[in-house]
Amino acid sequence: MTKPRIAIVPGDPSGIGPELIAKLVNDEGVLEAADVLLVGDSHLWQQGAEQTSLDVPLNTISEDDIVEQSGISHLEQNTIDPSDIRIAEVTVAGGTTSLRCLDKALDLAQVGLVDGVLFGPFNKAAMTSAGLNAEDEHKYMARYLGYEGYHSEINVLDELMTTRVTSHIGLKDVAANISEEGILKAVNLANDTLRKAGKARPSIAVAALNPHAGDNGKFGREEIDVLEPAVKKAQQKQMDVTGPWPSDTVFLKAKRGEVDAVVTMYHDQGQIAIKLMGFERGVTVAGGLPIPVATPAHGTAFDIAGQNKANLGATRQAFDLLVRMAKTHRAQRDAA
């Protein structure tokens, strides 16, 4: 099949996003893997070029010409004045350009002009000040796309994925929000996303909630009453799912490559393990959305913004994963 076309959004201009994208489009093999459409104000890409002393070619085209373009091209936007960019500062202007460029990339994906969206790091405080009005950018994207199905952030490190049953809630509320349905949704999300990324039969481990996986009810009955029945239902659907495994050892199995995904019960249960194993390679996928979307898992890194110190690793990992998902997405769209 022809190469997928990836829309790339710079992220918050106060952070390391423009620098990372400049490094990405100059990295070996990127333009051989996909056609790239830069979606953003021209001066944002020039900012990244200046920060890195790398060339970012701006072959500016109209929306009508997108399907005819190959290599790298640019769709001009007008979302922020250069004088409003403040390096290493949270600004309304930075949040506004993040949202508007993301909106445009999603629009293009919805009508099939691009096959996936990659965005540089966003700053949630800036986006909130600019009108995010959602728990995070994943909820925002689902609402923008009019998507009401199950969706959740997926964290990826190399070939390992993690999904969550609960996410951005207080730890005291986790147990009450765990259900068989929620576990099965997280299992299905991991299974479906891995299949879209090219894994024919993913192996998935479910992490326990309580110490020692509850120790036969001594430390809580969630494993007996909720987690084990959910695992059995997933197995009955012919999925390769095991658990619940004690959460202090399940990531040892993952690190050894014995499983492709871990379903965690709460935010930090997976995030701590993933970031310890490879913070600079971590990727976040907007799991469940009708279009492939990915970003590096780290933030805007204001402490090194504008200094040409940003590590490309996670952004390149996000790009490579997105290319695989975009190929599957295009094939499914063309077959429909």
Side-chain angles (χ1 to χ4, degrees), residues 4-13 15 17 20-21 37-40 44 63 75 77 79 92 94-156 161-164 166-169 185-186 188-190 192-193 196-197 267 271 282-300 314-315 318-319 321-326 328-330 332-333:
R5 179 174 292 106
I6 305 298
I8 299 184
V9 176
D12 194 304
L20 287 171
I21 304 308
L37 178 66
L38 301 176
V39 179
L44 297 177
E63 193 167 323
L75 187 64
Q77 304 296 295
T79 65
V92 175
T96 299
T97 188
S98 297
L99 289 171
R100 297 293 78 81
C101 291
L102 176 62
D103 290 351
K104 187 60 183 180
L106 295 174
D107 290 342
L108 298 173
Q110 276 194 299
V111 297
L113 291 177
V114 298
D115 305 303
V117 176
L118 174 72
F119 59 85
F122 291 147
N123 184 282
K124 287 185 177 61
M127 295 171 78
T128 298
S129 70
L132 178 68
N133 195 27
E135 181 181 289
D136 52 36
E137 63 269 29
H138 304 282
K139 302 292 186 186
Y140 174 86
M141 288 188 286
R143 185 180 65 203
Y144 187 85
L145 294 168
Y147 181 71
E148 297 181 354
Y150 181 73
H151 60 280
S152 179
E153 177 180 324
I154 299 177
N155 297 107
V156 184
M161 286 189 179
T162 64
T163 59
R164 308 170 188 160
T166 68
S167 189
H168 295 113
I169 64 173
K185 285 180 176 179
N188 284 325
L189 183 62
D192 292 347
T193 306
K196 290 176 181 177
H267 183 279
Q271 285 287 74
V283 174
T284 299
V285 172
L289 293 186
I291 56 176
V293 182
T295 186
H298 57 68
T300 44
T315 303
F319 175 83
L321 175 60
L322 187 61
V323 167
R324 299 203 303 271
M325 295 176 65
T328 300
H329 176 71
R330 175 184 278 192
Q332 291 175 341
R333 187 184 69 222

Using the test ring-ring contact (aromatic ring centres under 6.0 Å, His included), find all partners of His151 that sit at least two apart in sequence or belong to another chain.
none

Partner set under ring-ring contact (aromatic ring centres under 6.0 Å, His included) for Phe122, not counting sequence neighbours
Phe119

If you round to the nearest 0.5 Å, how far is OG1 of Thr79 from CG of Leu102?
11.5 Å

Atom OG1 of Thr315 and atom CG of Leu20: how far apart are they, to the nearest 0.5 Å?
4.0 Å

Salt bridge (Lys or Arg N to Asp or Glu O under 4.0 Å) involving Lys196 - partner list, sequence neighbours excluded
none

Using side-chain heavy atoms (C-beta onward) and a distance below 4.5 Å, is Asn188 in contact with Tyr150?
no

To the nearest 0.5 Å, how far apart are CD in Gln77 and NZ in Lys104?
6.0 Å

Identify, with sequence neighbours excluded, every residue that meets side chain to side chain contact (heavy atoms under 4.5 Å, CB included) alongside Ala286.
His138, Met141, Leu289, Val293

Would you please name every residue forming a salt bridge (Lys or Arg N to Asp or Glu O under 4.0 Å) with Arg143, sequence neighbours left out?
none

Considering only residues two or more places apart or on different chains, which pairs with a residue in residues 98-117 satisfy ring-ring contact (aromatic ring centres under 6.0 Å, His included)?
none

Value for OG1 (Thr295) from NE2 (His298), rounded to nearest 0.5 Å, stands at 7.5 Å

One should read off an interatomic distance between His267 NE2 and Ile169 CD1, to the nearest 0.5 angstrom, of 11.5 Å

